[in-house]
Number of protein chains: 2
Amino acid sequence: MSATAKSAPIVLLRQAPDARHAFGAEPPVLHGAGSEVYAQGDRADRLFRVEFGAVRIHRLLADGRRQICAFYLPGEVFGFEADGVHHFFAEAVSATGLTALRGGAGAEAAHDHLGAALRSLVRAQEHLLVVGRQNAAERIAAFLLDMAERQGGLEQFDLPMSRSDIGDYLGLTIETVSRVFSKLRAQGIIRLLGLRSVEVKKPGVLRAMCE
Amino acid sequence: MSATAKSAPIVLLRQAPDARHAFGAEPPVLHGAGSEVYAQGDRADRLFRVEFGAVRIHRLLADGRRQICAFYLPGEVFGFEADGVHHFFAEAVSATGLTALRGGAGAEAAHDHLGAALRSLVRAQEHLLVVGRQNAAERIAAFLLDMAERQGGLEQFDLPMSRSDIGDYLGLTIETVSRVFSKLRAQGIIRLLGLRSVEVKKPGVLRAMCE
DNA sequence: AGCGGCAGCGGGAAAAGCGCGATGGGTGTT
DNA sequence: AACACCCATCGCGCTTTTCCCGCTGCCGCT
């Protein structure tokens, strides 16, 4: 954990009004890497839109095992709950800007939010297939393709999260994640441009791995 | 697969109008065990409410591996998709009655459906924790508690699905499912009243296993 | 420069769970 | 009744992944 872990949002970003922020009236709030956006048990009274950076949604078992249920990247909306109380933790993966969307209880707000909620649901269910039935290499392949696609489909993209985050997202240990990355690199399927940056050389091979 | 596998709904149930069916005007449609409710790729233009029986939502990999993402029990609503196309298969687990809820595109319908969608989302995310980070015994324990709770919280309840379904839901093989059941029985934690019926003797132990 | 902390990488032993085959019980069919 | 068939159970060897270990490189601090 970084020095800013668990701290409250630290800066209200100064920024000119911007048409991209159609939902929220307020400018984005900056969260430092590792800082908590909300905790399990908090009241869930609004949604968040990621403007930049990345957010992880996770939950802990009593002995410290962690499962990251989802990552949210710029443009994506998170914070849904069924009963007004958060069942998970949300933390900034890296320096992250969030805008809050006042979640009105009205029918119109529901209509606005339903689409985003359904996208989260489909994503969670597809992730269940990966975690439940694919082996380590297949999980990493699926993860890389998903991250590439959500960042515009370019062959070169960032992994904002640590190996530990990736492991906890895919249900693997960091050792296994590291080994699979090394093997993919040795086979010329990917190139590691840095710890947090990847280039996919053979996307077809990755796609074939996921079936 | 049973004889009715993949068949269309076979009977339009004759039934008197019933106040429980507040949403749908139509009487429930009976689906035989194993019959398909919708397939991956079908148009998603309505939701379904389970009146009796059970439904599984699943997806297949190219080599036949299967992940069941969710079971739906009486009173629960399923069929949500983000983009008008089903990404998963839905099949009746046993003889099942379904009522269709016309999914209007309007704001009011969205409001009605948002709650059910959010319950599915929370359930999927909690299931991710089970599949991603818990061992075989913990998964079975969590599964039993979940099924018990959703059937009224009694210590004795039905498992409408086969061992194979349970395995594909929890990311285990049927052999592992069977072995864990036997171990729990040998420890006096559960009692098997039949292949599809369980009595939980020590719910506290099960709860402790899930942490 | 030197030091300490942290993240990633890799090796070897160990465990968990899988795959296969055999057995047995229940159900429906001939 | 006899049979076939499906499903669940169980034993055993094997693969995969984890667990525990130390090494390396980077970064910030003194």
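Just so it is clear: chains get the letters A, B, ... in the order the sequence lines come, proteins before strands, and each one is counted from 1.
Using a 4.0 Å heavy-atom distance criterion, A/S178 is classed as a base contact. Within 4.0 Å of B/G194, counting heavy atoms only, lies no atom of the nucleic acid at all. Residue A/T176 is classed as a base contact, given a heavy-atom separation below 4.0 Å to a base.
The residue among A/R185 and A/R133 whose nearest nucleotide of DNA chain C is located toward the 5' end is A/R185.
Across the protein-nucleic acid pair, B/L172 atom CG and C/dG19 atom P stand 11 Å apart, rounded to whole Å. Nucleotide D/dT18 holds its P atom 11 Å from the CG atom of A/L170, rounded to whole Å. Taking atom CZ on B/R196 and atom C1' on D/dC7, their separation rounds to 8 Å, with Å as the unit. Straight-line distance from the CZ atom of B/R163 to the P atom of C/dG25: 16 Å, rounded to whole Å. The distance from atom CG of B/D168 to atom P of D/dA8 is 12 Å, rounded to the nearest whole Å. With rounding to whole Å, B/I174 atom CD1 is found 13 Å from D/dC6 atom P. Atom pair A/L192:CG and C/dC9:P shows a separation of 7 Å (rounding to whole Å applied). Summarising the geometry, the separation between CG on B/N135 and C1' on C/dC18 is reported as 15 Å, rounded to the nearest angstrom.
Of the inter-residue distances, the one linking B/H86 atom NE2 with B/D45 atom CG reads 7.0 Å to the nearest 0.5 angstrom. Note: B/L128 CG to A/Q67 CD = 5.5 Å, rounded to the nearest 0.5 Å.
Of the side-chain N and O atoms in A/S182, one or more sit less than 4.0 angstrom from OP1 or OP2 of C/dG10. Contact annotation: B/R179 does not reach the phosphate of C/dG17 (side-chain N/O to OP1 or OP2, under 4.0 Å).
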Report all side-chain donor-acceptor pairs from residues 70-78 of chain B shorter than 3.5 Å, counting only partners two or more places apart or in another chain.
from	atom 1	to	atom 2	distance (Å)
B/Y72	OH	B/S120	OG	2.9
B/E76	OE1	B/L73	N	2.8
B/E76	OE1	B/R150	NH2	2.8
B/E76	OE2	B/R150	NE	3.1

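Salt bridge B/R59/A/E126: present, at least one basic N to carboxylate O contact under 4.0 Å. The pair B/R65-A/E138 meets the salt-bridge criterion, since a charged nitrogen lies less than 4.0 angstrom from a carboxylate oxygen.
With hydrogens and angles left out, the side chain of B/E175 and the base of D/dC12 share no donor-acceptor pair within 3.5 Å.
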